[in-house]
Amino acid sequence: MHAIVVSATGGPEVLTYTDCPDPELNPGEVLVDIAASGVNFIDVYHRMGRYPLSLPFIPGSEAAGTVVAVGEDVRGISVGATVAWANVMGSYAERAVVPASHLLVVPDGVTADIAAALLLQGMTAHYLTHSTYEVKPGDDVLVHAAAGGVGLLLTQIAKLRGARVIGTVSTQEKEKLARQAGADEVIRYGGFSEAVRELAGSGVHVVYDGVGAATFEGSITSLRPRGMMALYGQASGPVPPVDPQILASNGSLFLTRPTLAHYIATRDELAWRAGDLFGWVASGQLQVHISHRYPLAEAVRAHEDLEARRTTGKILLIP
Ligand SMILES: NC(=O)c1ccc[n+]([C@@H]2O[C@H](COP(=O)([O-])OP(=O)(O)OC[C@H]3O[C@@H](n4cnc5c(N)ncnc54)[C@H](OP(=O)(O)O)[C@@H]3O)[C@@H](O)[C@H]2O)c1
């Protein structure tokens with residue numbers, strides 16, 4: 001099979017299209033022909049070595065495709081089924097073996113492309129709005145990078161829960177998309193904290209910040225007393241060490257640095273989040289915006305575009 005292999009960490013050019021042996025199927029695992037692989041910002045951190053992995057590795061942690069073989073001890077998944085997964089490495093490839101415990105059978109009414117585009121960023125948006133901070137009707141919510149992969153889904157799901165969403169974006173085109181997703185107010189990053197104060201007098205109930213270094217301080221000062229700062233990513237770079245005293249002086253705030261793995265740690269939680277997402281997509285309540293599809297061999301271009309902020313919503317690699 002062909003796969004993208006990273007043998008040394010670095011820029012997008014280290015993503016090398018390579019001829020590899022097919023992965024080996026072990027008990028409890030399923031072999032899948034990949035139809036589409038999702039690109040996520042975490043793939044950039046892995047490629048750069050910011051989140052270190054042992055080399056060489058096949059990047060990518062999300063895909064959907066067709067089951068071609070099932071290992072011993074696997075129940076409830078048959079050859080020919082369309083399945084999808086998130087948070088299992090090795091998806092920038094034509095084929096992958098995935099533990100059955102992490103697989104989701106894609107329901108009728110949801111295509112493989114949509115499933116590959118939905119799960120990782122969608123389950124992130126789900127846990128942020130349902131578990132990290134349970135968004136309630138009437139809450140003021142600040143979503144950074146509101147036209148990004150997580151951002152568009154987070155905006156829609158926060159709206160489903162009855163919030164007023166304020167989104168930040170960098171361009172006019174992204175503003176349009178964020179508004180289509182339901183954002184009530186869309187602002188630029190420059191002076192965003194002051195703009196938030198004008199829109200939501202005492203500040204917002206929660207900030208969902210996946211941008212990191214560039215927005216952290218302004219996010220803290222956008223919160224109302226006892227508000228929640230959910231720092232879930234660092235697209236602009238890592239946040240420097242923080243003095244906990246800033247949480248007191250800005251209103252007894254809460255700061256959390258959540259990550260998906262801890263919110264899908266049990267099969268029940270995984271099934272709950274994925275089930276809600278598939279249901280919303282099938283019923284038309286949640287739109288998945290796929291802005292770019294690249295051939296697998298062009299993973300370099302996909303990463304260049306993602307890092308240069310040229311993409312919106314989801315980008316896919318097609319083997
Ligand atoms: N903790 C978790 O469980 C979890 C799970 C999934 C994703 N994440 C995090 O969520 C964030 C978004 O991920 P994603 O895959 O959906 O990516 P994305 O939002 O589609 O892409 C990143 C966006 O961040 C914004 N951005 C602001 N400053 C940037 C900079 N200096 N460089 C690059 N982008 C910048 C850009 O939007 P504008 O041009 O509008 O600013 C850009 O489009 C990432 O930090 C990712 O690591 C965390």
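Ligands are counted one by one from 1 in listed order, and the atoms in each one are counted from 1 as well. Quick note: numbers below take in every heavy atom, side chains included, and nothing from hydrogens, waters or symmetry partners. Sequence positions, counted from 1, serve as the residue numbers for this chain.
Residues Leu253 and Arg226 come closest through the heavy atom pair CD2-N, 4.0 Å. Closest heavy-atom contact between Val211 and Ala145: CG2-CB, 4.1 Å. The two residues Gly210 and Tyr232 have their closest heavy-atom pair at N-CE2, 3.3 Å.
Asp140 places no side-chain N or O within donor-acceptor distance of the main-chain N or O of His205, the cut-off being under 3.5 Å. Between the side chain of Tyr45 and the backbone N or O of Ala235 there is at least one donor-acceptor pair closer than 3.5 Å.
The closest protein non-hydrogen atom to atom 42 (C) of ligand 1 is Arg309 CG, 4.0 Å. Scanning the protein heavy atoms around atom 5 (C) of ligand 1, the nearest turns out to be Thr124 OG1, 3.1 Å. The protein non-hydrogen atom at the shortest distance from atom 23 (C) of ligand 1 is Ala145 CB, 4.0 Å. Protein heavy atom closest to atom 30 (C) of ligand 1, with residue, atom name and distance, is Ala235 O, 3.6 Å. Of all protein heavy atoms, the one lying nearest to atom 41 (O) of ligand 1 is Tyr189 OH, 2.6 Å. In terms of protein heavy-atom proximity, atom 2 (C) of ligand 1 is nearest to Tyr127 OH, 3.3 Å. Among protein heavy atoms, the minimum distance from atom 46 (C) of ligand 1 is reached at Phe41 CB, 3.6 Å. Among all non-hydrogen protein atoms, the one lying nearest atom 19 (O) of ligand 1 is Gly148 CA, 3.5 Å.
Taking a cut-off of under 4.0 Å to the non-hydrogen atoms of Tyr45, the atoms of ligand 1 that pass are 44 (C), 45 (O), 46 (C), 47 (O). Less than 4.0 angstrom separates some heavy atom of Val150 from each of these atoms of ligand 1: 7 (C), 16 (O). Shown in contact with Leu306 at under 4.0 Å from a heavy atom are these atoms of ligand 1, numbered in order with element: 21 (O). For ligand 1, the atoms lying closer than 4.0 Å to a non-hydrogen atom of Gln234 are 45 (O). Within the listing of ligand 1, atoms 14 (P), 15 (O), 16 (O) sit less than 4.0 angstrom from a heavy atom of Gln121. Each of the atoms 40 (O) of ligand 1 lies under 4.0 Å from some heavy atom of Val169. Counting the atoms of ligand 1 from 1 in the order shown, those under 4.0 Å from a heavy atom of Leu120 are 6 (C). Short contacts between ligand 1 and Glu307, defined as distances under 4.0 Å to a heavy atom of the residue, involve ligand atoms 32 (N), 33 (C).
There is a side-chain donor-acceptor pair under 3.5 Å between Ser283 and Gln285. Looking at Thr132 and Tyr263, their side chains do bring a donor and an acceptor atom within 3.5 Å of each other.
Each side-chain hydrogen bond (donor to acceptor under 3.5 Å, both in side chains) pair with one or both residues in residues 270-281, not counting sequence neighbours, appears once here: His126-Arg273, His126-Asp276, Ser131-Arg273, Glu269-Arg273, Trp272-Asp276.
In terms of polar-atom proximity, Tyr232 is counted as a contact of ligand 1, with an N or O under 3.5 Å from an N or O of the ligand. Every N/O-N/O distance between Ser236 and ligand 1 stays at or above 3.5 Å. For Thr168, no nitrogen or oxygen atom sits less than 3.5 Å from a nitrogen or oxygen atom of ligand 1, counting backbone and side chain alike. Polar contact with ligand 1: present for Gly210 (N/O pair, distance under 3.5 Å). For ligand 1, the polar-atom distance check against Val211 finds no nitrogen or oxygen pair separated by under 3.5 Å.
Using a 4.0 Å cut-off between heavy atoms, Thr312 makes no contact with ligand 1 at all. In Ala146, neither the side chain nor the backbone holds a heavy atom less than 4.0 Å from any atom of ligand 1. Contact annotation: for Leu260 versus ligand 1, heavy atoms closer than 4.0 Å belong to both the backbone and the side chain.
Atom CG of Leu270 sits about 8.5 Å away from atom OG of Ser101, to the nearest 0.5 Å. Rounding to the nearest 0.5 Å places SG of Cys20 at 8.5 Å from NE2 of His2.
Heavy atoms of Ala214 come nearer than 4.0 angstrom to ligand 1 in no pair at all. At least one heavy atom of Arg257 sits closer than 4.0 Å to an atom of ligand 1. Residue contacts with ligand 1 leave out Tyr263, since none of its heavy atoms falls under 4.0 Å from the ligand.
Contact check for Pro238 versus Arg50: side-chain heavy atoms found under the 4.5 Å cut-off.
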Evaluation steps, side-chain contact (heavy atoms from CB on, under 4.5 Å), between Leu223 and Asn250: CA-CA 8 Å; Leu223 283 161; Asn250 285 281; over 6 Å; no
Trace of the salt bridge (Lys or Arg N to Asp or Glu O under 4.0 Å) decision for Asp22 with Arg95: CA-CA 7 Å; Asp22 264 19; Arg95 289 188 154 191; 2.9 Å; yes
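Cluster membership check: Tyr208 shares its hydrophobic cluster with Ile264, using side-chain heavy-atom separations under 4.5 Å among Ile, Leu, Val, Met, Phe, Trp and Tyr. A continuous path of hydrophobic side-chain contacts links Val135 to Phe254 [ILVMFWY only; heavy atoms under 4.5 Å].
Both cation-pi conditions hold for Arg309 and Tyr189: the charged atom is under 6.0 angstrom from the six-membered ring centre and inside a 45 degree cone around its axis.
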